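Worth saying up front: this structure is predicted, and the values here are computed from it rather than measured. Start at 1 and go down the list; that is how both ligands and their atoms are numbered.
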Amino acid sequence: MTEHGLPDGLAGPLAAWLPGQRWFAGKDRPIDAVRPHEPTVLVEGDPLLLHVVVDVVQGDRTEAYQLLLGRRSQPPEVPSTAWLGEDTGLYEASGDADLTAMLLEAIASGTRIGAVTFEPEPGETLTAGLRARPITAEQSNTSLVYGGQYILKLFRKLSPGTNKDLLLHRALQSAGCAHVARVVGSITGELAGKPATIGMLQEYLPDAVDGWAMATTSVRDLLADADRHPDEAGGDFAGEAERLGAAVAEVHADLAGALGTTPVDRDELDRTVRAMNERLDRVAATVPQLVPHVPALRAAFEAVRSAQLPPVSMQYVHGDLHLGQVLRTVGGWLLLDFEGEPAAPVHERHALRSPLRDVAGMLRSFDYAAQQLLVGAVEQEPEQVARALEWARRNRAAFRTGYAGAEGPVGDPLAHATLLRAFELDKAVYEVAYEHANRPDWLAVPLAAIARSTDGGE
Ligand SMILES: Nc1ncnc2c1ncn2[C@@H]1O[C@H](COP(=O)(O)OP(=O)(O)O)[C@@H](O)[C@H]1O
Ligand SMILES: O=P(O)(O)O[C@H]1O[C@H](CO)[C@@H](O[C@H]2O[C@H](CO)[C@@H](O)[C@H](O)[C@H]2O)[C@H](O)[C@H]1O
C-alpha cells in the first residue's frame, strides 16, 4: 500500500477490469499500461472514498479516465462487477450511496478538496442530504440520480478544459433555450496541471421518456398489427418526430447565436470529404464486412466536392445526436449529452461542424429504431422489413419537415441533399466501427442501411 491509499500493483487488476466497463472507450484495443495518478481522498477513514485518475496507454494513444474507488470493512451493496480484482480490497464506488452522498453535499456547499473543486452554478441554491442511485441506462459515462431531483454525470474519459457537454449546456441556458435540462453545478479536477471538468449536475426530469423508448414502442405496435400502415397505427410517432425536428433546429439556432458561426468554403468542404474518406479507410481496415461498400461510399463522399451546394456555415453542434439523446418531457423535447462521439479526440469534438451532421445523426436513428427489432432474428420476413422501413421513411420525413419549419441555420435539410446524404453515410460508417467494437450483433443495422442507400434506395 502506498502512502496515498492505493495498493501497489493496482495496474494489473485495473487493466483486467477496465474492458468490462460499459463506459470504457478502448475495448477494441489491447491495454499496454495503466498508470494511476496520485488519488484525492474525498472521504477519509472507513469507509474510504478516493478520486483517482488513471492514464490508460493503448498503442500510441493515452487516455485519462476517472474512477471513484471505495474501501470499507463492512461489505458494500455494490454489484460484484464493481470489485477491482479479488485482492485489492477496492471497488468502484459510484454505486455506494453512503459514499456518493458527499458529492452533492460538496457541490451544494461549494468546496475544494485537494485538486477537486465542487461548485453550484451562480445563483443556485441546492437541496443537499439526498442519496444517489446510478442510472441503469447504457452509458458512455456514469450518472447518479439524487432523490429524483438532480442528476450528476461523472465524465469517465477526461480532457483538460471545460467539457463540451457543460460548455454547450451553459451557452444554451444563457440563450434561454427551452430544449435543455438546467445545469445547477459542476465538479472540476486537474489534468496535466490544467482544470478539467469531471462532473456536471443538472435538474432531473423524473417523468421524461427517452426518444428511443418512444420510437421503438411505436415500431413494435406497428409490427404487431399486420393490417395497418404507420399513419393508421395507434402508436404513430410522426407528430413527435416533427416536433423533435423543430426542437433540434431551435437548439442549432441558439448555439449559432450564442457561440457564433463560420462560413464554409470549398477548401473546408475538401477537408470534410478527406476526413470522411479517412474514416472510411480506417474502419474498412478493421471491419471486413464494410469493404464491399467502399467504392460506393467513396463516390457518395466525393460527390460533395463537385455538387452545387447552397451556402452552409459551421458552428458548435451536438455531434452525436440520436434518439437516445433526447427526452420527451411534459414541456416538449430536450436534447442531452452534447459531448460528441465518445471515441473522437477532444479537439475533434470541439471543432465547428455543419448542423446537417446532427440532422443526419437523427435520420440514422430513425433507421435504427425501425431495424433494431429485427436484430438477431434468425430469418427476417421481407414483409416485416418493408413495414419497418415504411415507419422509418414516414418519421424521417416528419423530422425533416419539423426542422425545416423552425428556421434553423440550414433551413430545409433537403436543400442540401448531397451533403446530407454524405453525412448520413459517414455516420453509418462511424456506427459500423461503434457496433463492431461494442455490440457486434447490431453491425447488420448500419451495414444494411449503407447497402440500401448505395444500391439506389433511400
Ligand atoms: N436531466 C435528465 N433528466 C432525466 N433523465 C436524464 C437526464 N439527463 C440524462 N438522463 C438519462 O440519463 C441517460 C444518460 O445520459 P447521457 O447524458 O446521454 O449520458 P452519457 O454521456 O453517459 O451517454 C439518458 O439517456 C437519460 O435517460
Ligand atoms: O449515447 P452515446 O454517446 O454513448 O452514443 C454511442 O452509443 C449509442 C448506442 O447506445 C450509439 O448509437 C447507435 O445506436 C442507437 C441505438 O442504440 C441509435 O439510436 C443511434 O442512431 C446509433 O448511432 C452511438 O452511435 C454511439 O456514439
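- Taking distance alone, with nitrogen or oxygen atoms compared against 3.5 Å, K153 approaches ligand 1 more closely than that limit.
- Of the polar atoms of Q325, at least one N or O is found under 3.5 Å from an N or O of ligand 1, judged by distance alone.
- Each of the atoms 1 (N) of ligand 1 lies under 4.0 Å from some heavy atom of A181.
- Short contacts between ligand 1 and I135, defined as distances under 4.0 Å to a heavy atom of the residue, involve ligand atoms 12 (O), 13 (C), 14 (C).
- Between H179 and L172, every side-chain heavy-atom pair lies at or beyond the 4.5 Å cut-off.
- An N or O contact shorter than 3.5 Å links D337 to ligand 1 by distance.
- For atom 10 (N) of ligand 1, the nearest non-hydrogen atom of the protein is I151 CD1, 3.7 Å.
- Counting only heavy atoms of the protein, atom 5 (N) of ligand 1 lies nearest to Y204 CE1, 3.4 Å.
- Considering backbone and side-chain atoms alike, S140 places an N or O below 3.5 Å from some N or O of ligand 2.
- An N or O contact shorter than 3.5 Å links L205 to ligand 1 by distance.
- At least one N or O atom of H322 sits closer than 3.5 Å to an N or O atom of ligand 2.
- Here's the thing with D165: none of its N/O atoms is less than 3.5 angstrom from an N/O atom of ligand 1.
- A donor-acceptor pair under 3.5 Å is formed between the side chain of S365 and the backbone N or O of L323.
- D337 and K153 are joined by a salt bridge, as a carboxylate oxygen and a charged side-chain nitrogen come within less than 4.0 angstrom of each other.
- Looking only at heavy atoms of the protein, atom 1 (N) of ligand 1 is closest to E203 O, 2.9 Å.
- Between the side chains of R156 and T142, a donor-acceptor pair is found at a separation under 3.5 Å.
- Ligand-side atoms of ligand 2 in range of Q325: 1 (O), 2 (P), 3 (O), range being under 4.0 angstrom from any heavy atom.
- Listed by number with element, the atoms of ligand 2 under 4.0 Å from a non-hydrogen atom of E431 are 21 (O), 22 (C), 23 (O).
- Contact check on E121 versus R182 returns no salt bridge, with no Lys/Arg side-chain nitrogen under 4.0 Å from an Asp/Glu carboxylate oxygen.
- The shell of residues lying under 4.0 angstrom from ligand 1, judged by heavy atoms, excludes R156.
- The existence of a salt bridge linking D320 and K427 is confirmed by a sub-4.0 Å separation between a basic side-chain nitrogen and an acidic carboxylate oxygen.
- In this structure, a donor-acceptor pair under 3.5 Å is absent between the side chains of W442 and Q371.
- Atoms of ligand 1 lying under 4.0 Å from any heavy atom of L327, numbered from 1 in the order shown and given with element: 2 (C), 3 (N), 4 (C), 5 (N), 6 (C), 7 (C).
- Contact annotation: for L336 versus ligand 1, heavy atoms closer than 4.0 Å belong to the side chain alone.
- Taking a 4.0 Å cut-off on heavy atoms, R22 registers as neighbouring ligand 2.
- For the pair E119 (side chain) and T111 (backbone), a donor-acceptor distance under 3.5 Å is absent.
- Heavy atoms of E339 come nearer than 4.0 angstrom to ligand 2 in no pair at all.
- Under 4.0 Å is where a charged nitrogen must lie from a carboxylate oxygen, and between R298 and D281 at least one such pair does.
- For the pair A284 and V291, the tightest heavy-atom approach, listed with the atom from each and the gap, is O-CG2, 3.6 Å.
- In summary, of the residues considered (E431, E348, E341), a salt bridge (Lys or Arg N to Asp or Glu O under 4.0 Å) with R279 occurs for E341 alone.
- Within the structure, ligand 2 lacks E341 among the residues with a heavy atom less than 4.0 angstrom away.
- Atom 16 (C) of ligand 2 has as its closest protein heavy atom W212 CH2, 3.6 Å.
- Checked against a 3.5 angstrom limit, the closest N/O atoms of Q202 and ligand 1 fall outside it.
- At least one side-chain heavy atom of L42 sits under 4.5 Å from a side-chain heavy atom of L68.
- Remark: minimum distance from atom 5 (O) of ligand 2 to any protein heavy atom is reached at D320 OD2, 3.1 Å.
- Those atoms of ligand 1 with a heavy atom of G324 less than 4.0 angstrom away are 25 (O).
- For ligand 2 and D337, the ligand atoms under 4.0 Å from any heavy atom of the residue are 3 (O).
- Defined by atom type and a distance below 3.5 Å, a donor-acceptor pair is missing between the side-chain atoms of E240 and N395.
- Protein heavy atom closest to atom 7 (O) of ligand 2, with residue, atom name and distance, is Y434 OH, 2.9 Å.
- Every atom of ligand 1 is numbered from 1 in the order shown, and the set under 4.0 Å from a heavy atom of S140 is 20 (P), 22 (O), 23 (O).
- The closest donor-acceptor contact from the side chain of Q202 to the backbone of A181 lies under 3.5 Å.
- In summary, the side chains of T127 and Q149 do present a donor paired with an acceptor at a separation below 3.5 Å, with no hydrogens or angles considered.
- Paired with M200 under the rule side-chain contact (heavy atoms from CB on, under 4.5 Å), one option of N163, N141, D165 passes, and it is D165.
- With ligand atoms numbered from 1 in the order given, ligand 2 contributes 25 (O), 26 (C), 27 (O) to contacts under 4.0 Å with heavy atoms of Y430.
- Using a cutoff of 4.0 Å between basic side-chain nitrogens and carboxylate oxygens, E424 and R421 are not scored as salt-bridged.
- The aromatic rings of W23 and Y65 lie tilted to each other, with the angle between the two planes from 30° to 60°.
- Checked against a 3.5 angstrom limit, the closest N/O atoms of Q139 and ligand 1 fall inside it.
- The side chain of R439, and not its backbone, has at least one atom closer than 4.0 Å to an atom of ligand 2 (non-hydrogen atoms only; side chain from C-beta on).
- Close contacts between ligand 2 and S365 involve ligand atoms 18 (C), 19 (O), 20 (C), 21 (O) [criterion: under 4.0 Å to a heavy atom].
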